[in-house]
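Worksheet: one structure, shown below.
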There are 2 protein chains.
Amino acid sequence: MIPTMHDVARVAGVSIKTVSNVINDFPHVRPSTRMRVLSAIEELGYRPNLSARGLRSGRTGVIGLAVPELRQNYFAELADAIIRAAEKHDLGVLVEQTSGDREREIAAVTGAGRLRLTDGLLFSPQRLGQDDRHLIQPRFPFVLLGERIFGGPTDHVTMHNVSSAQAATEHLIGIGRRRIALIGAHPDRREEIRSADLRVRGYKGALEAAGIPVDPQLIRAVAPWHRENGAEAMRDLIASGVPFDGLFALNDTLALGALRALGDAGVRVPDDVAVIGFDDIDEARFSVPSLSSVDPGRQEIAETAVELLVERINEKDGEPLPPLLVKSKFRIVARESTGSGGSS
Amino acid sequence: MIPTMHDVARVAGVSIKTVSNVINDFPHVRPSTRMRVLSAIEELGYRPNLSARGLRSGRTGVIGLAVPELRQNYFAELADAIIRAAEKHDLGVLVEQTSGDREREIAAVTGAGRLRLTDGLLFSPQRLGQDDRHLIQPRFPFVLLGERIFGGPTDHVTMHNVSSAQAATEHLIGIGRRRIALIGAHPDRREEIRSADLRVRGYKGALEAAGIPVDPQLIRAVAPWHRENGAEAMRDLIASGVPFDGLFALNDTLALGALRALGDAGVRVPDDVAVIGFDDIDEARFSVPSLSSVDPGRQEIAETAVELLVERINEKDGEPLPPLLVKSKFRIVARESTGSGGSS
DNA sequence: GTGAAAGCGCTAACAT
DNA sequence: ATGTTAGCGCTTTCAC
């Protein structure tokens with residue numbers, strides 16, 4: 001049989017409360033008593049039953065993380081960083097994949113989080129958008145990630161999409177490129193608050209600031225942001241005959257696909273076309289040529305998100321703080337694809 | 001206040017038992033009663049408290065998955081597949097990262113699994129080896145993954161390392177290569193049971209079967225299996241002047257690094273050197289050139305592992321089945337790096 | 001077909 | 001500094 005606190009108490013010759021005190025590092029326990037309890041725990045191989053503790057305390061020590069899929073590099077790296085951050089707070093992370101499925105995202109947002117033994121939820125939507133923000137229930141500790149929904153009732157950690165995209169474009173302009181293509185714009189016409197639209201805005205801003213006209217022929221809509229689609233968009237652009245000497249891909253995966261298509265077409269990078277991506281996934285350092293990118297501050301995002309969630313979990317019921325919007329710092333990482341040597 | 005079963009029972013005008021029956025789909029409930037209970041649940045926004053259920057039933061509905069790190073592509077894809085497989089059994093997955101740290105792997109194996117509200121643990125070691133198999137406690141539902149430990153006291157899901165590596169090497173031989181290099185062998189001399197050694201064995205087996213002598217100069221030790229190390233090993237090999245026309249990299253990440261080094265050195269793939277990797281990560285399809293690889297049956301591994309774990313969880317205490325060793329089916333995936341057209 | 005009541009293992013008043 | 005005790009919300013005999 002699995003030993004309980006009672007068994008430990010009996011073996012140690014103390015009461016169950018003392019065992020609890022020892023386990024929870026309560027200050028007022030005599031060293032000798034503590035030792036006896038600890039050796040009883042050792043002897044019996046006792047492990048606290050976390051379900052019972054959770055029932056009693058109302059805390060499970062586990063938070064949920066809902067992402068589209070881990071096989072998408074960005075989310076694997078995000079999950080990695082979040083699990084590390086949660087660990088510092090002694091929290092476990094239950095990972096749920098929504099597979100970019102609207103219904104599953106709704107399920108994750110509306111209580112399935114509470115349904116899964118978790119104290120709070122970090123949610124990175126891929127389908128839900130601005131119109132769905134009413135679905136978010138501010139009652140359960142919840143932190144929103146990404147840039148599909150703004151102005152929701154909960155804390156939100158995101159990145160400086162517009163200004164970092166502008167900086168990426170300026171980086172290309174800075175090395176003398178004038179005909180800068182963009183792939184990854186959203187197919188829908190109506191302007192929504194979404195990574196794609198925000199980044200396109202930054203791109204246009206940079207061009208305008210430099211007095212370069214925006215050429216609609218250079219802007220290619222691509223969805224979803226997969227390698228094959230990046231490659232295809234690039235093949236289309238090359239085939240169109242529209243001249244260009246720079247490329248801003250709205251994420252690294254698209255950029256990597258584009259790199260592949262450029263290579264196939266015999267276009268030299270960065271000589272003929274300089275390329276910059278977005279996200280700075282690990283892989284960017286090792287492609288041929290290595291890929292310049294925007295580091296959106298993934299680590300900072302992870303740490304901030306976990307910290308905010310922990311604060312919400314610890315928040316007294318009486319005094320709910322207003323929802324916070326946090327944007328992480330970004331950084332342009334110049335590599336070979338924009339002419340910077342080495343493969344750092 | 002959060003509603004409980006009692007509240008639902010009161011609103012529905014039934015007893016708490018009836019509510020429980022409805023929630024757990026017990027057969028003997030009158031349809032009209034069921035309806036009343038369901039609408040009471042709806043009205044109150046009731047959600048069962050899983051801590052309480054877990055305490056009572058001894059099950060949490062969550063399993064643990066301990067892997068080195070999700071930022072390693074292979075493990076992200078493994079975790080992805082496992083979460084999907086677990087979902088079919090209505091299980092959540094708590095992901096723990098051991099960061100390739102021995103102490104943390106030991107912690108994961110020895111009860112930390114039980115400490116984390118989980119019903120069982122899937123464990124993929126990176127540091128623990130054959131000598132540590134006594135640490136594995138057969139009492140807690142546990143399934144071992146990978147090939148670092150064999151003959152342990154628990155179920156184990158692994159791949160056909162030797163025969164699939166042999167098949168990979170035969171694939172290179174089949175397209176006429178005779179001087180086949182290998183990168184990724186383990187630096188240690190003493191033969192251990194480990195992916196590297198098993199795959200090297202398959203490589204040698206294929207060469208011997210084809211009557212090709214094994215040239216130690218062509219076998220390069222590399223650890224850990226990162227891109228940069230693959231690239232470095234390849235640069236070394238090229239610099240050594242030892243001629244070769246084929247390369248078997250013991251995983252795709254190494255192969256991708258090697259591809260990069262070959263490209264830098266102006267060596268054409270597959271014309272001068274044909275390359276095959278191992279793991280068939282998503283990225284292999286999109287490198288330049290696309291990378292031939294061995295698909296070790298990741299999906300099958302994930303599904304089998306979860307099924308075995310579920311069986312162990314459901315096992316009556318009385319009749320423990322002997323530990324099972326399962327090997328998944330593999331498949332050679334031929335792409336451009338070994339001369340097969342297209343980028344499938 | 002439904003109700004009453006015990007108890008899973010733990011924490012936190014409260015008492016000593 | 002340590003012991004006693006009452007639940008946390010649920011499942012599960014056992015009656016009815």
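In what follows, every chain begins at residue 1, and chains take the letters A, B, ... in the order their sequences are listed.
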Sorted by chain and number, sequence neighbours left out, salt bridge (Lys or Arg N to Asp or Glu O under 4.0 Å) with R102(A) holds for D132(A)

Is D119(A) close to P141(A) at the side-chain level, that is, under 4.5 Å between some pair of heavy atoms?
no

Do NZ/NE/NH1/NH2 and the carboxylate oxygens of E87(A) and R104(B) come within less than 4.0 Å?
-> yes

Of L145(B), L128(B), I136(B), L65(B), the one forming a side chain to side chain contact (heavy atoms under 4.5 Å, CB included) with F123(B) is L128(B)

Checklist entry - Counting distance only, does the side-chain N/O of S328(A) pair as donor-acceptor with the main-chain N or O of I301(A) below 3.5 Å? => result no

Mind checking if T33(A) touches a base, just sugar-phosphate, or nothing, with heavy atoms under 4.0 Å?
sugar-phosphate

Once base and sugar-phosphate atoms are separated, protein heavy atoms under 4.0 Å mark nucleotides 10-16 of chain C, 5' to 3', with B, S and - as BBBB---

Double-helix bend of the helix from dG1(C)-dC16(D) to dT16(C)-dA1(D), axes at both ends from 5 pairs, round to 10°, gives 30°

Nt span of DNA chain D in reach of chain A heavy atoms at under 4.0 Å, 5' end first, is dA1(D) to dG9(D)

Are L117(B) and L94(B) side-chain neighbours, meaning at least one heavy-atom pair lies under 4.5 Å? no

The complete set of side-chain hydrogen bond (donor to acceptor under 3.5 Å, both in side chains) pairs with one or both residues in residues 298-307 of chain B, sequence neighbours excluded, reads E77(B)-R298(B), K88(B)-E303(B), Q299(B)-E303(B)

Review point. Do the non-hydrogen side-chain atoms of V93(B) and V95(A) ever get within less than 4.5 Å of each other?
Key: no

Has Q126(A) got a side-chain atom pairing as donor or acceptor with P68(A)'s backbone, closer than 3.5 angstrom? no

Those residues at least two apart in sequence (or on a different chain) that pass side chain to side chain contact (heavy atoms under 4.5 Å, CB included) with V11(A) are A40(A), E43(A), L44(A)

